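Scroll down for the structure; my scribbles are underneath it.
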Amino acid sequence: MADKSDLVLDVKNLKTVFFTNSGLFKAVDDLSFSVKRGETLAIVGESGCGKSVTALSLMRLVPDPPGRIVGGSVSLEGTDLLALDEAQMRAVRGNRISMIFQEPMTSLNPVMRIGDQIVEAVRLHRNIPAKEARDIAVEMLRLVRIPEPARRAREYPHQLSGGMRQRAMIAMALACRPALLIADEPTTALDVTIQAQILALILDLQKELGTGLVLITHDLGVVAQTAQRVIVMYAGRKVEEASVEALFASPKHPYTRGLMASIPAVPASGVPAQARLNEIPGTVPSLVRLPKGCAFAPRCKLAIKRCEAEYPPLADWGGGHLAACWRAEEVAEVA
Amino acid sequence: MTAALLEVTDLKKHYPVRAGVLRRQVGTVHAVDGVSFALGIGETLGLVGESGCGKSTVARSVLRLVEPTSGQIRLDGEDITHLSKTALRPHRRSMQIVFQDPFASLNPRMTAGDIVGEPLAVHGLASGKELETRVARLFEQVGLRPDQMRNFPHQFSGGQRQRICIARALALEPRLIVCDEPVSALDVSIQAQVINLLIDLQRQHGFSYLFIAHDLAVVAHISHRVAVMYLGRIVEIADKDELFRNPRHPYTQALLASVPIANPLAKKLAPLVDGDVPSPVNPPSGCAFHTRCRFAMERCKTERPALVEANDGHRVACLLNEGTGRPNAIP
Amino acid sequence: MAAIDFDVELRRAGAHATGGWRRVLFMAQRHVLGAAGLVIMTLFVLTAIFADVIARYDPLTVDSARALARPSLAHWMGTDSFGRDVFSRIIHGARISLAVGLGSTALGGTIGVVVGLTSGYLSGWVDLVFQRVSDVLQALPLLVLALVMTAALGPSLPNVILAIAIPLIPTVARVIRANTLALREQPFVEAAKSIGMSEMRIALRHVLPNTLAPLIVLATAQLGSTILTEASLSFLGLGIPEPYPSWGRMLSESAAEYVRTAPWLVIFPGIAISLAVFGANLFGDALRDILDPRQRG
Amino acid sequence: GEPKQGGILRMYHRDSPANASILEGATYSINVPFMGVFNNLVIYDQHIAQNSPDTLRPELAESWSWSSDNKKLTFKLRQGVKWHDGKPFTSADVKCTFDLLMGKSQQKLRQNPRKTWYSEVNDVTTSGDVEVSFDLKRPQPSLLAMLASGYTPIYPCHVSPADMRTHPIGTGPFKFVEFKANESIKLTRNPDYWKKGLPHLDGVEYTIITNRSTAILAFVAGKFDMTFPTHITIPLLKDVKSQAPNAVCVVEPTNVSTNIIVNSTSAPFDNIDIRRAMSLALDRKAFVDILFEGQADIGGTMLPPPQGIWGMPRDKLETIPGYGRDVNANREQARKLMQKAGYGPDKHLAVKVSTRNLAEYRDPAVILIDQLKSIYIDGELDVVETANWFPKVARKDYMLGLNLTGNSVDDPDQSFYENYSCGSERNYTNYCNKEIEKLFDVQSQETDASKRKPLVWDIDKKLQEDVARPIIFHARAGTCWQPYVKGVTIMSNSSYNGFRYEDVWLDK
Amino acid sequence: MFAYLVRRLFLMLVTLFGISVVIFFLLRIVPGNIVDILFAAAGYVDPADKADLEKQLGIDQPLVAQYLHWIGGLLRGDFGYSYVSEKPALQEILPRIPITARLAGLALLFSASIGIPLGVISAVKQGTKLDYALRVVSLSGLSLPSFWLGLLILTASVAMFGQMPIFNPNPQTWLEAFATYAVPAAAVGFRSAALTMRITRSSMLEVLRQDYIRTARAKGASDAAVNYHHALKNAILPVITVIGIEAAFLIGGLIVTETVFNIPGVARFLVEAIRWRDYPIVQNLVMFIAVVVVFANFTVDMLYAVFDPRIRYTD
Ligand SMILES: Nc1ncnc2c1ncn2[C@@H]1O[C@H](COP(=O)(O)OP(=O)(O)OP(=O)(O)O)[C@@H](O)[C@H]1O
Ligand SMILES: Nc1ncnc2c1ncn2[C@@H]1O[C@H](COP(=O)(O)OP(=O)(O)OP(=O)(O)O)[C@@H](O)[C@H]1O
Ligand SMILES: [Mg+2]
Ligand SMILES: [Mg+2]
């Protein structure tokens, strides 16, 4: 594996649970992964599989109650974040590690000016005069290509369009030049044309700043276009990890395979009208009542007795391509 | 394509914009600003465009759930634009709608069976035992178990909820089903299930679909023809193959180019347009797209292009190269 | 990071609390204050229903021989200056308080719902008129309204109920109207329209049931405040008249003369009022939490 | 010791009087604060608790005399008396006052509750500045009692009745300063008072406190020198004594009777049997025990002795049906009467007991209802707001009413004529018995008190036997003051006449 | 903005007109009038006297004429004369307003300065013992009948200090003035503070769930900054509404407190006036209270715009 010193983030056996009215469940179960400097790691999986909770766990922002991180370690540039006290963690948050959230409208404070929100992010971590921080804020807004940044800085979130808000979020997240940026579905709420702009922007800035990037999405198209490595999650667990090329070339987990097959391809040409799509039958299980064995088994065409009884371990199927399936070998053939 | 089931001519819907506690009108949203199209029997027309461009408003207007500001809607040749509520009721049976958010469109306090049976009860088509058997049959049709009739919406998964919505739409045996982003809220794996169901049902019953989405790929799979909307207007409409093979409007081109392709080896993202979508409250003068268009000319700022036939069945609203909408060369 | 014992945690989180009683018990543990409120309310209601069985003396019988007896085995809460058993009066007073609480809440609530629903659903000039009327009702001080009402109608149980109910109407109507306006935009209402349902039917079948949760929350809180309002009216001499044992009057009258000489006359009705109001509010709070969709797992 | 000069007497007032004009007032709320502003022609000695013909003292009149036929009463007036505004007091003022009261003058009182007191007066005439005569239609020795009441101050001619309501001018020891409704009443010493050296106080200030608990707490906390007179109930008195052990407290009858007004004009109380049964069912001692811890008086119309002058002696009283000591025997008899009238254990008589919405009224009504249960009568309380009480009673829109009747002077004339004579407006029950009415006149004209008393007793007994307006009890109440307050006497047979306060002083 | 104000003003006038009609006719529906009451005390009435007095007070005229007379007078600034005291109604009402206003103001101050911080604490510490304790205390504030609380305070202060706070119309020092109002204000304020605390708590809980709070934390902001700077600013709107309603309520709702503490404010005066059917006082006082309420609502709306940039009353 990669050289240790090159790692920005190293997550080991992360476990986060939720205590809710309907019961306790593991939203993130035994998750390990790492991100290198300048690398983009994508986390994919369908809605509710634990992607956002993973991101929040890294930031130690899991809402408590009902959530709690109950195990594992998250080391950022060598320090275990989970071992820090709250004050130390605050010094790291927004400084070395920052995050862009899914909903640009609701993630900005509606009663504060955009500029002030960025200024706050800067001044929390750098002891500089307000005036200077303001200049930085305007500069950041210019960096994320907001026209007339000085004027926009004085506006409130509701006065900006969706795309601009998301850019403001990015400016805020990058204001302190973090070592690691987590982007949790940064474009889901946006139009595809805007999405393309925003993603291009994030990648540009990432390159410029050398930041490690964790990109969370469930859009495999986005993954293919942006990431170097990919983690696939299902029901709180990592079921597959590989480089983006390897994953798309030969997925080893039946779930990944099914997911890829059900994506409607954009027909550059010659798609027959009314083509049926491949589908994964059944539905995602409730996290509260997971089956004993493999969580995907009830929906899996390849499921065998063993799948129902025993959870398959993550195994390396060559070249760092990890997958948790008893029949990973056969996946490519069957589908 | 045979005779048109639905014909929409120059449909406009303007909403007043109200502000403040008194909700005074401070402007007008040109949500739909002159839309015309026709939909044949057994045909699927896809309607794409970004969020807020007026797709849902078209859908609602067609069903007369909102009163159009102007224009005409013909169903089976009959003008239903100005029918009274009572006169409209029989026509309600011929057209139904499936919404984007399946959970929100189901009353959380009614059982699935009641929800699906409600249209039948309202129109007095069935009651008691008969109602129950018909609902059960509808459940089977959409791939739900009849024993789930007594469950409440929150007890279903997203895909199942959308099936309930579809079953409710089917209950009156309509000829036209308007699908307003029926899969946007669903996961890809579930999305495929629902699309397949819609395709199967169309094959069995010969419905016409007005299928709205913002995901071009989804639309590509289900539609016969596709219309692209931008800020309340249709900017391009063509047979699906033609549209994808040969997009003429710069916006359509940008849309197609922006869809990330699920193949790491394919070309990388390259945004074709810049800037943000203008607000429909004060749409730009001339061609609404000129603020973001790569090919924008002086004319585009003042002159509003009409939707003209570029070649067989392919119509586009662009001034580029005298209305053919075709750029000289795609860079 | 301490490891956790999943089985223990699961039980604690109520994973096994499926079905009927277990679920209730689990909820009770989760909302301790709410459960306490429920217990108080239940006791309160049961007391009111079975007052005749529980009370050991007639609450109205005057007996000079046993006036102002201290609390004892014979008279658990002592007797008042008329020699009436305080415990029996408090038990029967629950009936009055419940009648006032339920009666005025139900009356004000029902009219408020009708007004709010009509106003929110029909909008237009109906809405405008209703809105102005409720503005007017809200700008009139509650106690003044109650004062004039009781002055007009004379103090009696039904009149007190009416007087307390009227100011309630605009409050309920506003909440229901706001809810209705929000619900009207819900896709399921649009779906109902699209199948050709009449407006009336939509309002009753789709809108009304969905305003129930906020209504219940509002009603439980109001239940408490009506009991207090009755007490205030009693203090001003406009509450439920003698000889019916209204807690408010028991408290306000003896507060004047017997705070020191016969404190039991003051303490017990005071506790009864506070407890009932307290219970209603605790219960209302918990209901709000439970009925809040965002709180549901 | 020697009276000390100076200091302001601070009292609380139980409620806010409608205005400051005593002649228009009908409660002692108005007499207490404003009596000190005025003088009467004659007045009861302010330091003898029991008002009686023997305690009449001259005031603005230096002396008085009856004509030989007892039909003319002449007063010699004091000279050199000045009104607070400096104008001299003359006989014209006296004439003006009584013309006003008799409704003979141009100017009118807004209300004139005691017009009937002067029904036997033909005319008031002056002769010179210092003599006034009252011409009577027939002898009425009790006229003097009424003139001595706190209710009968002499008003100046030159001030209109309207001004007297807002800013009264008198000749008395205290001058009116201000009256803020619901807030306070202030009087200040009249430096030119005709009684030299009086008053001792620099002024009197009343703070209006309607809430009894608050008022008494304030007294206990030393905010006031004195409570409002006869405002402390017997149960509260214990409380006051326990908190303020030094306070001087007295309990006196208020000469207010609590009675039942019976609507005998319509069923069921047009039936004398039912009326009798009701009166037999009363356990008066229970009322007194509960409401007064035993400290109230049982009697007839007139306040019982020893405080009352005209009340029946005990042995006579107990011969009246219902006053006998054996309550059970009385009730047995009552039930028989009820059965005779067609009621019994299976057929109860439903009755509404109307009363005002004040504790003094409601509490006895509650006891009454409870007692009526013993004779098959199911009573229901019907509380009526003050504003509606009188119209309701006047309409005869009631069956039984629980009422309080205050007597401003302890004299049969005031009581009998007002409450029992045919056609009197305050005869709420419309009781009309021509024979008794003749007896009223007989006693009224009797100048010898010792002969008059038996006459009065007989009338009283008869009234009780007719169950016209059964009297339940005569209340008592307490008054407290701080030990340094000197010279206060609480009248024992009237609560309207003892508030001149000119020689009250503070030993501080 | 200007157009908005004009429209707003018009609606306020409509409401005030409605109130004037309601109160006027409500009062006339109530049986009995000042004449009955005056004569009730005397025990009888001479019909001629009664008619005289009614004529003198103008209550013999048709209701509509009386109403027009009243409103006409109001528009000319003529508030009529009190039936009871026969003084100009304005002269009776005006001196009482500052008393009640001071009391209400102090109570609101108390309510806001205690209720808001405790509400924030309770929300931030949701589910802890502290939260439970604060909630129980605040609920008990809402469960105590206010006259009872007032009497307890008075009794306790007499028992413990041999003194009691009773209204002092002419306070000499600033401290005395404060003492005159502080205790009754605290007695009312306790209830309001409880209410404010509850609203603050629930509003804070709502806001604390919002995404932008998470964003603030993600920036590394401290708890205090998050709670007070980000959350409270957003949570304050409902609190303002409640305080606004409370302010309106207090002007007319202090009846009980003013009675217990014997404060000669408008509320108690109003009760007395109703008891006496002193129409000119009741009507004008109710109108005054209504004006305050309407303006309180207006102020709340304006404050909304101050606190929430999304709301702008532009026209
Ligand atoms: N605050 C919370 N309280 C209770 N459960 C939660 C909470 N946050 C997340 N969860 C649960 O944790 C699980 C994982 O949620 P998460 O938000 O990580 O999913 P996701 O993969 O990000 O989905 P999406 O694609 O919809 O954003 C879900 O079942 C969700 O319901
Ligand atoms: N009831 C309404 N009142 C005012 N404006 C409205 C109303 N409904 C829709 N609009 C506005 O009309 C425009 C078009 O809305 P519409 O819902 O038709 O868009 P859409 O294309 O369906 O968007 P989406 O993809 O987000 O569903 C939007 O700007 C929207 O804000
Ligand atoms: Mg997520
Ligand atoms: Mg839409």
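Everything numeric in this text was worked out from a predicted model, so none of it was measured. Order of the sequence lines sets the chain letters (A, B, ...), proteins ahead of strands, with each chain counted from 1.
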Q. For A:Val192, is it the side chain, the backbone, both or neither that has a heavy atom under 4.5 Å from a heavy atom of chain B?
A. both
Q | Reference residue A:Val214; test side chain to side chain contact (heavy atoms under 4.5 Å, CB included); the match among A:Asp184, A:Leu181, A:Thr40, A:Ile43 | A | A:Ile43
Q) What residue in B:Asp200, B:Ile195, B:Asp239 has the most heavy-atom pairs under 4.5 Å with chain A? A) B:Asp200
Q: With sequence neighbours excluded, tell me which residues meet side chain to side chain contact (heavy atoms under 4.5 Å, CB included) with B:Pro284.
A: B:Leu231, B:Pro278, B:Ala288, B:His290, B:Thr291
(Q) What part of B:Ile190 gets within 4.5 angstrom of chain A, counting heavy atoms only: side chain, backbone, both, or neither? (A) side chain
(Q) With a 4.5 angstrom heavy-atom cut-off, is it the side chain or the backbone of A:Asn278 that approaches chain B, or both, or neither? (A) backbone
Q: Would you mind checking which part of A:Arg145 comes under 4.5 Å of any heavy atom in chain B, side chain (CB onward), backbone (N, CA, C, O), both or neither?
A: neither
Q.
Over 60° means perpendicular and under 30° means parallel, so tell me whether B:Phe207 and B:His205 are parallel, tilted or perpendicular.
A. parallel
(Q) Please enumerate all residues that pass side chain to side chain contact (heavy atoms under 4.5 Å, CB included) together with B:Arg161, with sequence neighbours excluded. (A) B:Pro102, B:Phe103, B:Leu106, B:Phe156
Q) Which one of B:Val188, B:Val218, B:Asn196 has the most heavy-atom pairs closer than 4.5 Å to chain A? A) B:Asn196
Q. Side-chain donor-acceptor pair under 3.5 Å between B:Ser56 and B:Asp180, yes or no?
A. yes
